[in-house]
Amino acid sequence: MGKLRVGFIGVGGIAVSRHIPSFLTLTDQVELTAVCDVNLDRAASVASEFSIPFYTSQYDELFEHVDAVTICTPNKFHAEIAIAAFNAGKHVLCEKPMAMTTQECESMIDASEAAGKVLMIAYHYRHMKEARAAKRFIDAGEIGRPLVSRAQAIRRRKVPGWGVFTNKDLQGGGSLIDFGCHFLDLALHLMDFPEIAEVSGATYNELSRQPEVVNQWGVFEPSTFEVDDHATAYIKFKDGATLLFETSWAANLADDKESVSISGTNGGLDVFPLVLYQSKYGMLLDQKAYWISDDNDPGIPQALNFVESCRGTQTPLVKPQEALTVSRVIEAIYKSSETGKAISFT
Ligand SMILES: NC(=O)c1ccc[n+]([C@@H]2O[C@H](COP(=O)([O-])OP(=O)(O)OC[C@H]3O[C@@H](n4cnc5c(N)ncnc54)[C@H](O)[C@@H]3O)[C@@H](O)[C@H]2O)c1
C-alpha cells in the first residue's frame with residue numbers, strides 16, 4: 001500500500017505546533033504533500049519550513065494533491081471545508097470543536113458517510129496515557145457504575161491573545177467551546193457517553209466590562225471581547241448519574257486546573273494525575289499510576305490513529321457521533337444560560 005498523502009488547511013498555531021510535527025514522525029506511512037492558508041505568505045513560509053511541496057490559499061486547489069486533510073482553521077470554517085473535502089473523496093481530521101452548531105456537525109457526518117471517508121475530531125486529551133489507562137480501568141468494571149463526575153478546565157487569566165479566539169462570529173464562543181469542550185468530551189468518553197436527560201448552564205462575559213485586563217497569554221481588546229470567560233454546567237443523565245462542569249479562560253484563582261474525577265458505585269479516579277480509588281476488603285485503596293517513559297505527546301497517537309483509520313486497520317478513537325454529542329451539550333449550555341432554563345434532551 002502506498003503512503004497516505006496528507007495536507008493541512010489553516011496552518012496557524014496548532015497546525016505548526018502539533019499536527020505537522022506529529023505526522024512528520026510517521027513518514028514511513030505518510031507523505032506531507034500540501035498546505036493551504038488564506039494568508040498565502042503564511043502558507044508559503046510553512047511549506048518552506050517543513051519542505052512540503054505544494055501550497056495554496058484556496059482549499060479546493062489542495063484536494064488533488066492529498067488523500068486526507070487536517071483542518072485547523074477558525075471554527076466557522078470547519079464544516080464548510082470538511083464537507084468540500086468529503087465531496088472530493090478525502091478523509092478528514094478536524095480540529096475541535098467539531099463545528100459551531102450541531103446542525104453543521106450533522107451535515108459533516110452525512111457528507112462523510114456519503115463519501116465513505118473517515119471523519120475524526122482532534123479531542124487530543126483522549127490520547128493521553130492517563131486518559132487511556134483510566135478508560136481501560138473503568139471499562140474493566142473497577143469503579144462500578146460512574147455516579148458523580150466532575151470536569152474542570154480552568155486557566156488563571158490566560159485568554160488567548162492571538163488569532164480570533166475572542167471573536168464570536170468566527171469561533172462561536174469562548175472558554176466553553178474552545179477549552180472546556182476537551183474536558184466535557186473526556187468526561188463523557190470515560191462515562192461511556194450515557195444518554196443525557198437535561199443540561200443546565202451559565203456563561204459569563206465580564207472581561208469586556210473591564211477597562212484594564214490582567215492576562216498572561218498576550219494582549220486582547222476588552223471592548224471587542226464578545227465571548228464567555230467562564231462557564232458552568234450541571235448535566236443529568238437518564239441512568240441517574242450527574243456531571244458537574246466548570247471552565248474558564250480567566251479565573252481569579254490561584255492555579256490552572258485540568259481535571260476529570262469520577263466517583264462510581266465501587267471506586268473512583270482522578271485522571272490528571274491518574275489516581276485510582278477502590279473500595280476493597282473494607283478499605284478504600286489509593287493507587288497512583290506510574291509510566292515507564294515520560295513521553296506523553298498526544299499528537300502522535302492521534303495522528304497514528306487517524307492514519308490507521310484511513311487505511312481501515314483501526315477505527316477513530318473519537319467517533320463523529322460522540323463529537324456531535326459534545327457540541328449538543330455546548331449548545332445546550334449556551335441556550336440554558338440565555339433562557340435561564342434547563343434544556344431537556346428527551
Ligand atoms: N486541540 C487543541 O488543543 C487546540 C489548540 C488550539 C487551537 N485548536 C483549534 O484549531 C483551530 C485553529 O486554531 P489555531 O490556534 O491554530 O488558530 P490560528 O489563528 O493560529 O490559525 C488559524 C489559521 O487558519 C487560517 N485560516 C483562516 N480561515 C481560513 C480558511 N477559510 N481557509 C484556510 N485557512 C484559513 C488563518 O490564516 C490562520 O493561519 C481552531 O478550530 C481551534 O479551536 C485546537
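Remember, it's 1-based here, ligands and their atoms both numbered in the order they're listed. Both backbone and side-chain heavy atoms feed into the values below; hydrogens, waters and symmetry mates do not.
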Polar contact flag for [X] and ligand 1 (N/O pairs, less than 3.5 Å):
X      : result
Glu95  : yes
His124 : yes
His182 : yes
Ile14  : yes
Cys36  : no

Around [atom], find the nearest protein heavy atom and jot down its residue, atom name and distance.
atom                    : value
atom 27 (C) of ligand 1 : Pro74 CD, 3.3 Å
atom 18 (P) of ligand 1 : Gly13 N, 3.9 Å
atom 11 (C) of ligand 1 : Thr73 O, 3.3 Å
atom 34 (N) of ligand 1 : Val38 N, 3.3 Å
atom 19 (O) of ligand 1 : Gly163 CA, 3.7 Å
atom 22 (C) of ligand 1 : Cys72 O, 3.6 Å
atom 41 (O) of ligand 1 : Asn75 OD1, 2.7 Å
atom 39 (O) of ligand 1 : Asp37 OD2, 2.6 Å

Flag for [Y]-[X]: side-chain donor and acceptor within less than 3.5 Å:
X      : Y      : value
His230 : Glu246 : no
Asn296 : Glu130 : yes
Glu308 : Thr313 : yes
Asp270 : Tyr277 : yes
Glu258 : Gln152 : no

For this session: Flag this pair as yes if the NZ/CZ of Arg150 is under 6.0 angstrom from the six-membered ring centre of Phe245 and inside a 45 degree cone about the axis; otherwise no.
Result: no
Problem set entry | Part of Lys96 with heavy atoms under 4.0 Å of ligand 1, whether side chain, backbone, both or neither | both
Using a 4.0 Å cut-off to any heavy atom of [X], which atoms of ligand 1 qualify?
X      : answer
Arg18  : 1 (N), 2 (C), 3 (O)
His78  : 41 (O)
Asp178 : 43 (O)

Among the heavy atoms of [X], does any lie under 4.0 Å from an atom of ligand 1?
X      : answer
Tyr59  : no
Val164 : no
Phe165 : yes
Lys76  : no

Do [X] and [Y] share a hydrophobic cluster (ILVMFWY, side-chain heavy atoms under 4.5 Å, transitive)?
X      : Y      : result
Val11  : Leu32  : yes
Val199 : Leu176 : yes
Ile20  : Val307 : yes

For this session: Would you please name every residue forming a ring-ring contact (aromatic ring centres under 6.0 Å, His included) with His182, sequence neighbours left out?
Result: Tyr123, His124, Tyr125
Exercise. With a 4.0 Å cut-off, would you call Arg126 and Glu322 a salt bridge?
Worked result: yes
Exercise. Between Phe165 and Phe220, is the gap from one ring center to the other below 6.0 Å?
Worked result: no
Exercise. Between Trp217 and Trp249, does the ring centre distance come in under 6.0 Å?
Worked result: no
